[in-house]
**Student:** 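This is the structure I have questions about; it appears just below.
Letters go in sequence order (proteins before strands), and every chain restarts at 1. The shown structure was predicted, so the numbers you read here are calculated from the model rather than taken from an experiment.
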Amino acid sequence: MAKKHGDSPARRSKQDQAGERRLRIERAIRAIPRGKVSTYGAIARAAGFPGAARQVAAVLRRGFGLPWQRVLGAGGAIKLIGDSAMEQRFRLEAEGVHFRGRKVDMKAHEWKFGRVKRT
DNA sequence: TGCATGACTCGAA
DNA sequence: GTTCGAGCCATGC
């Protein structure tokens with residue numbers, strides 16, 4: 001399927017758009033309740049930016065005070081490495097998230113975004 | 001302005 | 001079930 005955004009001309013500057021993008025992504029991440037998890041791709045789509053999974057990661061890394069531990073890769077796999085991965089798993093288990101092998105049991109803990117409302 | 005990088009995703013082997 | 005390669009997009013230098 002075509003992935004063109006076909007968005008409006010948008011007289012807003014690129015910086016403003018980028019700022020809103022980050023804001024929406026952060027909002028989506030913060031919308032994940034305790035004991036639930038989501039994936040980079042799902043968050044990007046929920047924020048209105050399908051295919052921007054890497055931007056979700058960037059926001060998580062640069063953002064502050066975000067529940068980063070609730071964000072996983074496709075299928076519920078932890079994409080972090082070493083220490084961070086251990087901490088993420090530890091935090092999730094502390095929230096009651098159950099792991100199935102190396103992945104989170106998405107069937108039971110995946111958070112479905114009800115579509116983020118635009119302000 | 002342009003190139004390189006990255007906490008990704010999906011499909012195929 | 002795991003690994004590899006190509007594709008996408010924004011950010012940083």
**Student:** Sort and list the pairs that fulfil salt bridge (charged side-chain N to carboxylate O under 4.0 Å, His left out) and have at least one residue in residues 65-74 of chain A, not counting sequence neighbours.
**Tutor:**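 For residues 65-74 of chain A, and leaving out neighbouring residues, the salt bridge (charged side-chain N to carboxylate O under 4.0 Å, His left out) pairs sorted by first residue read A:Arg70-A:Glu95.
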**Student:** What is the minimum heavy-atom distance between A:Trp111 and A:Pro33, and which atoms define it?
**Tutor:**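 Of all heavy-atom pairs spanning A:Trp111 and A:Pro33, the closest is CD2-CD, 3.4 Å.
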**Student:** So, do A:Leu66 and A:Val59 sit near enough that their side-chain heavy atoms are less than 4.5 Å apart?
**Tutor:** yes
**Student:** In residues 93-106 of chain A, which residues come under 4.0 Å of DNA chain B by heavy atom?
**Tutor:** none
**Student:** With DNA chain C as reference, determine whether A:Arg62 or A:Gly51 sits nearer its 5' end, using the nearest nucleotide of each.
**Tutor:** A:Gly51
**Student:** Compile the donor-acceptor pairs under 3.5 Å between side chains in residues 42-55 of chain A and protein atoms, sequence neighbours left out, one pair per line.
**Tutor:**
none

**Student:** Show the distances under 3.5 angstrom between N or O atoms of the protein and N or O atoms of nucleotides 1-6 of chain B.
**Tutor:**
none

**Student:** Group every Ile, Leu, Val, Met, Phe, Trp and Tyr by side-chain heavy-atom contacts under 4.5 Å, then state whether A:Phe113 and A:Val37 land in the same group.
**Tutor:**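 Looking at the clustering, A:Val37 is in the same group as A:Phe113.
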**Student:** What is the distance, rounded to the nearest whole Å, between atom CZ of A:Phe49 and atom C1' of B:dC8?
**Tutor:** 17 Å
**Student:** Which pair of non-hydrogen atoms, one from A:Gly73 and one from A:Thr39, has the smallest distance, and what is that distance?
**Tutor:** O-CG2, 3.3 Å
**Student:** Just the rounded figure in Å: distance from P of C:dT11 to CZ of A:Arg21.
**Tutor:**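 It works out to 7 Å between those atoms.
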**Student:** Tabulate protein N/O versus nucleotide N/O from nucleotides 9-12 of chain B, keeping only pairs under 3.5 Å, one per line.
**Tutor:**
unit_1	atom_1	unit_2	atom_2	d
B:dT9	OP1	A:Gly41	N	3.3
B:dT9	OP1	A:Ala74	N	3.2
B:dT9	OP2	A:Ala74	N	2.9

**Student:** According to side-chain hydrogen bond (donor to acceptor under 3.5 Å, both in side chains), does anything in residues 74-86 of chain A pair up with another residue at least two apart or in another chain? List the pairs.
**Tutor:** none
**Student:** For A:Asp83 and B:dA7, what is the distance between atoms CG and C1' respectively, to the nearest whole Å?
**Tutor:** 14 Å
**Student:** Of all residues at least two apart in sequence or in a different chain, which pass the side-chain contact (heavy atoms from CB on, under 4.5 Å) check with A:Ala85?
**Tutor:**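 If we apply the side-chain contact (heavy atoms from CB on, under 4.5 Å) test to A:Ala85, skipping adjacent residues, the hits are A:Ile78, A:Leu80.
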**Student:** By salt bridge (Lys or Arg N to Asp or Glu O under 4.0 Å), which residues pair with A:Arg91, not counting sequence neighbours?
**Tutor:** A:Glu87
**Student:** Rounded to whole angstrom units, what separation is found between the CD1 atom of A:Ile25 and the C1' atom of B:dA7?
**Tutor:** 13 Å
**Student:** Under the salt bridge (charged side-chain N to carboxylate O under 4.0 Å, His left out) definition, can you give me all pairs with a residue in residues 30-39 of chain A, not counting sequence neighbours?
**Tutor:**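 As it turns out, the salt bridge (charged side-chain N to carboxylate O under 4.0 Å, His left out) pairs with a partner in residues 30-39 of chain A, which skip direct neighbours, are A:Glu26-A:Arg30.
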**Student:** I'd like to check A:Lys103 versus A:Leu72 (side-chain heavy atoms, cut-off strictly below 4.5 Å). Are they in contact?
**Tutor:**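 No - every pair of side-chain heavy atoms lies 4.5 Å or more apart.
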